[in-house]
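Since the structure comes first, as structure tokens, the remarks are kept for the end.
Fair warning: this is a prediction, and the values are worked out from it, not measured in the lab.
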Amino acid sequence: MRILETREELKEYCSSISDISLGFVPSLGGLHAGHVSLIERSLKENEATIVSLFLNPTQFNDKSDLEKYPKNDTEDLQVLKDLSVDTVFLPTSQTMYPHGEVLSIIENSFSKILCGAKRPGHFEGVLTIVLKLLNLMKPDKIYMGEKDYQQASLIKAMIDDLFIDTEIVFCPTVRESSGLALSSRNKRLSPEGRARASKLYEIITQEISLESMDSELSKEGFEVDYLEMWNKRLFVAAYLEGVRLIDNVMK
Ligand code: AMP
């Protein structure tokens, strides 16, 4: 497996394979079966696949969330090796932000509601890092998870609006058998918390009013950050044991 660390290495490699199809899966690390589903889809649909592992500091408005993020490069690289991923991009912050945070991408509509309203600056950080990565790689396709539906939609909007030559592929949310959406942050829950966390999906898939869902969630010990319908989809963010969980379902 090829591990690239600098922008120059990445650009040089990508131009050397410009005649074959390239799929790209961006990740913060802490890989689990949700990430694996995106990577497997890219491996199937493209001749080459690059996975990036970069815990992007600019998308963390809460610095303690960044510090506690469960990421382990050695374990992640082993997962990628086992999947026969050809190339991993593992940059440092200095590599991705050589001039610091002097410039960022701002979306003025959908990024201002739901997670955008609760995590100021979060989507600016996401859009900026994804644009930087797309500029370096120029992939044919980028694979994003529906678990982070607002994020994937905003990246789609950026691609459309900035005329970027990359197709975005939305991939379905991978869940535990309990219904809990897989997330790197689930690792921070206690065994009891993890069992309780599955109530989130159970409650939002019920045919009851938003008010009833809200009170059911509170009864189960969740601190609801938001619970809102947008475009026939129900979005939720809630804290359990101090861990922020998000999910969304079509209604
Ligand atoms: P992250 O490392 O959290 O930035 O996630 C990298 C990509 O994996 C994003 O496109 C996420 O939406 C996607 N992803 C994370 N969890 C899941 C999941 N449970 N099912 C499907 N995709 C996921």
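A salt bridge is absent between Lys63 and Asp65: the closest approach of a Lys/Arg side-chain nitrogen to an acidic carboxylate oxygen does not fall below 4.0 angstrom. Contact check on Lys112 versus Glu107 returns no salt bridge, with no Lys/Arg side-chain nitrogen under 4.0 Å from an Asp/Glu carboxylate oxygen. Asp225 has a carboxylate O that lies under 4.0 Å from a charged side-chain N of Arg244, or vice versa, which qualifies the two as a salt bridge. Between Asp76 and Lys81 there is no salt bridge, since no side-chain nitrogen of the basic residue lies less than 4.0 Å from a carboxylate oxygen of the acidic one. At a threshold of 4.0 Å, the pair Glu192-Arg196 does not count as salt-bridged, since none of the basic side-chain nitrogens sits closer than that to a carboxylate oxygen.
Considering all non-hydrogen atoms of both residues, Val130 and Met158 come closest at CG1-CE, 4.2 Å.
Of the N and O atoms on the side chains of Ser218 and Ser215, not one donor lies less than 3.5 Å from an acceptor on the other residue. For the 3.5 Å distance criterion, the side chains of Glu47 and Ser21 qualify, holding a donor opposite an acceptor. With hydrogens and angles left out, the side-chain atoms of Thr92 and Thr95 include a donor and acceptor closer than 3.5 Å. Tyr226 and Asp214 are not linked by any side-chain donor-acceptor pair at a separation below 3.5 angstrom, with hydrogens and angles left out of the test.
In this structure the side chain of Tyr97 never reaches within 4.5 angstrom of the side chain of His99, judged on heavy atoms. Ile142 has its side chain within reach of Leu134: a pair of non-hydrogen atoms, C-beta onward, lies under 4.5 Å apart. The shortest side-chain heavy-atom distance between Leu77 and Ile3 falls under the 4.5 Å cut-off.
Residue Lys132 holds its NZ atom at 8.5 Å from OG1 of Thr58, rounded to the nearest 0.5 Å. Annotation: the span from His32 atom NE2 to Glu176 atom CD amounts to 10.0 Å, rounded to 0.5 Å.
Between the side chain of Gln150 and the backbone N or O of Ile113, at least one donor-acceptor pair lies under 3.5 Å. Using a distance-only test at 3.5 Å, with no hydrogens or angles considered, a donor-acceptor pair links the side chain of Lys138 to the main chain of Asn135. In terms of modelled atom types and a separation under 3.5 Å, the side chain of Ser212 and the main chain of Ile208 share no donor-acceptor contact. Between the side chain of Asp148 and the backbone N or O of Ile246 there is no donor-acceptor pair closer than 3.5 Å. One N or O on the side chain of Asn46 and one on the backbone of Ser42 form a donor-acceptor pair closer than 3.5 Å. Remark: side-chain polar atoms of Asn231 are not paired, donor with acceptor, to backbone N or O of Arg233 under 3.5 angstrom. Within the 3.5 Å criterion, the main-chain N or O of Thr6 finds a donor-acceptor partner in the side chain of Glu9. The closest donor-acceptor contact from the side chain of Ser198 to the backbone of Ala195 lies under 3.5 Å.
Within 6.0 Å of NZ on Lys71 lie more than 12 heavy atoms contributed by other residues, nucleotides or ligands. Atom CG of Asp165 has 12 or fewer heavy atoms from other residues, nucleotides or ligands within 6.0 Å.
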Quick one: do Glu216 and Lys199 satisfy salt bridge (charged side-chain N to carboxylate O under 4.0 Å, His left out)? Show the steps, please.
CA-CA 9 Å; Glu216 291 276 311; Lys199 290 279 172 194; over 6 Å; no
Quick one: do Arg175 and Asp247 satisfy salt bridge (charged side-chain N to carboxylate O under 4.0 Å, His left out)? Show the steps, please.
CA-CA 10 Å; Arg175 299 177 181 282; Asp247 206 342; 2.9 Å; yes
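Ile164 and Val126 fall within the same hydrophobic cluster, defined by Ile, Leu, Val, Met, Phe, Trp and Tyr side-chain heavy atoms under 4.5 Å apart, directly or through other members.
The six-membered or imidazole ring of Tyr149 lies near that of Phe170, with a centre-to-centre distance under 6.0 Å. Close placement of the Phe60 and Tyr69 rings is indicated, their centers lying within 6.0 Å of each other.
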